[in-house]
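Remember, it's 1-based here, ligands and their atoms both numbered in the order they're listed.
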Amino acid sequence: MLKGIAASSGIAICKALVINEAEVAIEKRDEVDVEQELKSFSKALENSKEEVRRLKEITLKKLGQGKAEIFEAHLMMLEDPELITGIEDKIKTEGFNAEYAVKITVDMFITIFEGMANDYMRERAADIKDIGKRLVYNLLGLKLRTLSALEENYIVVAKDLSPSETVQMDHEKVLGFATDIGGRTSHSAIMARSLDIPAVVGLGNITALVKDGDTLIIDGDIGAVYINPQSDLIAVYKKKQEMARLEKQELQALLKAETITLDGRRVELAGNIGTPDNVSGVLKNGGEGVGLFRTEFLYMDKEQMPSEEEQFQAYKRVLEEMQNKPVVIRTLDIGGDKKLPYLPIKEELNPFLGYRAIRICLKQRDIFRAQVRALLRASIYGNLKIMFPMIATLEELREAKAFVEEMKQELSLEKVAYSNDVELGIMIEIPSAAIISDVLAKEVDFFSIGTNDLIQYTVAVDRMNENVSYLYSSYNPAVLRLIKTVIDNAHKEGKWVGMCGEMAGDVKLAPVLLGFGLDEFSMSASSILKVRSVIRGIEFRRAKVIAEDVLKMGTAEEIEGYLSSI
Ligand code: PEP
Ligand code: MG
């Protein structure tokens with residue numbers, strides 16, 4: 001079993017097609033007929049453009065305008081005079097053979113783009129690499145591997161997959177893919193999610209360990225790949241796959257259904273996202289809003305802080321795509337296990353209890369300033385709610401709110417538009433905040449309960465520590481009582497309460513949380529319809545009784561057992 005990054009959920013069982021494309025060796029030739037090389041280049045250029053145009057068409061049909069833009073960009077690059085005359089000049093003045101001229105010129109552009117501060121531009125280096133490869137293959141009369149016309153079903157195993165390769169795949173025949181490199185936000189992972197193909201990336205050296213024809217199981221939910229598994233494991237996974245398929249099919253009927261109990265209590269089901277690209281998954285799964293945008297993902301894997309403008313674009317996109325549905329964007333929650341390469345934090349004995357999240361933002365105001373300004377500027381494009389993470393005291397809440405006010409005044413002076421209806425809320429994920437939630441409730445618009453951290457701080461159990469993981473339970477009675485207190489305290493002040501920790505997507509706990517009076521449940525997109533199904537199948541009255549029963553119980557085991565039996 002190999003463990004990688006769960007890039008796209010689902011299960012695939014199939015034989016492997018290993019794509020181990022050797023790098024094409026490009027040599028500088030000595031005897032070169034300049035005219036001939038120019039002619040070859042011109043022909044290769046035309047062929048490449050034709051191929052990209054075709055890809056653009058296919059993508060437009062299969063995935064829509066947004067994804068087709070990648071190839072629009074490729075086409076523009078193939079028509080860019082700087083690149084094209086750059087290559088032609090190398091042939092004319094230096095006497096380079098065409099493929100060598102392409103390589104030298106393309107490499108130079110890649111270096112320039114990779115060195116750019118702007119993230120978007122840096123990512124374009126991958127696109128230049130892609131078109132460089134296409135030009136060289138056309139020059140050498142090679143065919144870029146087509147995954148578009150496969151005879152049989154396969155799981156594709158590759159070092160990495162470029163955007164064009166992923167889109168070209170015959171989606172009927174490619175049942176999943178596994179790659180050596182890549183992260184959740186690499187192009188191939190993004191594509192896999194939008195195509196709903198199970199995928200695991202960042203596996204290290206799977207291309208070296210798997211041969212063509214080996215049987216693989218891909219578990220895109222936990223990021224695991226099994227190579228030549230025993231027949232009993234295959235049987236287990238086949239069963240899981242079938243059950244998942246049936247469940248998914250049935251759940252589709254609830255896509256547009258209201259999230260309402262049998263006796264008429266309505267709640268909101270929202271999705272958690274890490275990047276603007278995740279919005280489509282939320283909508284596709286019937287999400288009624290975004291309950292948590294973990295903005296730190298915009299900051300991670302970068303060489304420097306994202307600018308106000310970059311953030312503004314990201315927030316605006318999410319708000320626009322959600323079309324006035326509620327969107328809760330959380331301000332930077334860095335520290336603990338999440339680090340930024342360009343923001344050095346002194347080594348700490350207990351980083352989870354240390355300098356993190358709102359504590360950093362209130363101290364390093366320049367970081368906070370860029371984010372709050374970007375959020376306010378974006379607020380006119382939808383239904384934005386701003387949320388502060390890791391609030392432990394009333395003073396912190398007041399400081400954060402005052403800072404937002406200050407930024408509003410700054411923008412007003414600059415005559416920059418923002419909405420005056422932006423709700424301000426906090427995460428309740430530290431026990432001190434839960435305990436004083438009655439006073440906090442008076443000064444916020446909403447709460448969102450962050451159970452991932454609330455459990456760790458309430459039970460004093462490091463959420464990353466395997467040795468004490470038996471203590472880390474969503475069914476812990478102390479945690480459940482705290483949650484009930486928080487909801488009651490908010491409701492007394494007429495404020496709404498959501499939950500964005502993993503617990504919100506737990507179908508066993510849904511009746512309890514519903515019975516507690518939770519107003520909004522925010523979870524990974526794939527759980528939304530399952531929770532909707534539970535809520536539509538129960539009476540609020542009954543959920544309240546279940547919740548009361550649970551509050552009388554003393555152990556997590558008892559509670560879990562009881563909930564499994566109902
Ligand atoms: C939480 O703590 O429950 C939460 C949603 O935030 P994160 O998992 O990002 O800490
Ligand atoms: Mg948290």
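- Between the Mg ion (ligand 2) and Asp333 there is no N/O/S contact shorter than 2.8 Å.
- With a 4.0 Å heavy-atom cut-off, ligand 1 is reached by no atom of Met503.
- Taking CG from Asp438 and OG1 from Thr485, the interatomic distance works out to 9.5 Å, rounded to the nearest 0.5 Å.
- The closest heavy-atom contact to atom 5 (C) of ligand 1, among the options Ser522, Cys500, Ala357, Ala504, comes from Cys500.
- Between Trp496 and Phe446, the two ring planes are parallel [angle under 30°; tilted spans 30° to 60°].
- Note: Phe368 and Phe403 have parallel aromatic rings, judged against thresholds of 30 and 60 degrees for the angle between ring planes.
- Inclusion of Glu296 in the set of residues having an N or O under 3.5 Å from an N or O of ligand 1 is not warranted.
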Using side chain to side chain contact (heavy atoms under 4.5 Å, CB included), reason through Leu343 and Met305 one step at a time and then give a plain yes or no. CA-CA 8 Å; Leu343 182 75; Met305 286 283 170; 4.1 Å; yes
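- Any N or O atom pair closer than 3.5 Å counts here, and Asp453 shares at least one such pair with ligand 1.
- Using a 4.5 Å heavy-atom cutoff, the side chains of Pro431 and Leu454 are in contact.
- Short contacts between ligand 1 and Glu429, defined as distances under 4.0 Å to a heavy atom of the residue, involve ligand atoms 1 (C), 2 (O).
- Contact of the Pro477 side chain with the Thr555 side chain is not registered, since no non-hydrogen atoms from C-beta on lie closer than 4.5 Å.
- In this structure, CG in Leu411 is found 6.0 Å from CG in Leu376, a value given to the nearest 0.5 Å.
- For the pairing with Phe540, the side-chain contact (heavy atoms from CB on, under 4.5 Å) check across Thr261, Leu262, Ile260 returns one residue only, Thr261.
- Annotation for ligand 1: atoms under 4.0 Å from non-hydrogen atoms of Arg294 are 4 (C), 5 (C), 6 (O), 7 (P), 8 (O), 9 (O).
- Given atom 1 (C) of ligand 1, the protein heavy atom at minimum distance is Asn452 CB, 3.3 Å.
- The ligand atoms of ligand 1 that sit less than 4.0 angstrom from a heavy atom of Leu292 are 5 (C).
- Counting only heavy atoms from C-beta outward, the side chains of Tyr299 and Tyr342 approach each other to under 4.5 Å.
- Using a 4.0 angstrom heavy-atom cutoff, Arg330 counts as in contact with ligand 1.
- Note on ligand 1: Met427 sits in its first shell, one or more heavy atoms being nearer than 4.0 Å.
- Asp453 contributes atom OD2 as its closest N/O/S atom to the Mg ion (ligand 2).
- When the N, O or S atoms of Glu429 are ranked by distance to the Mg ion (ligand 2), OE1 comes first.
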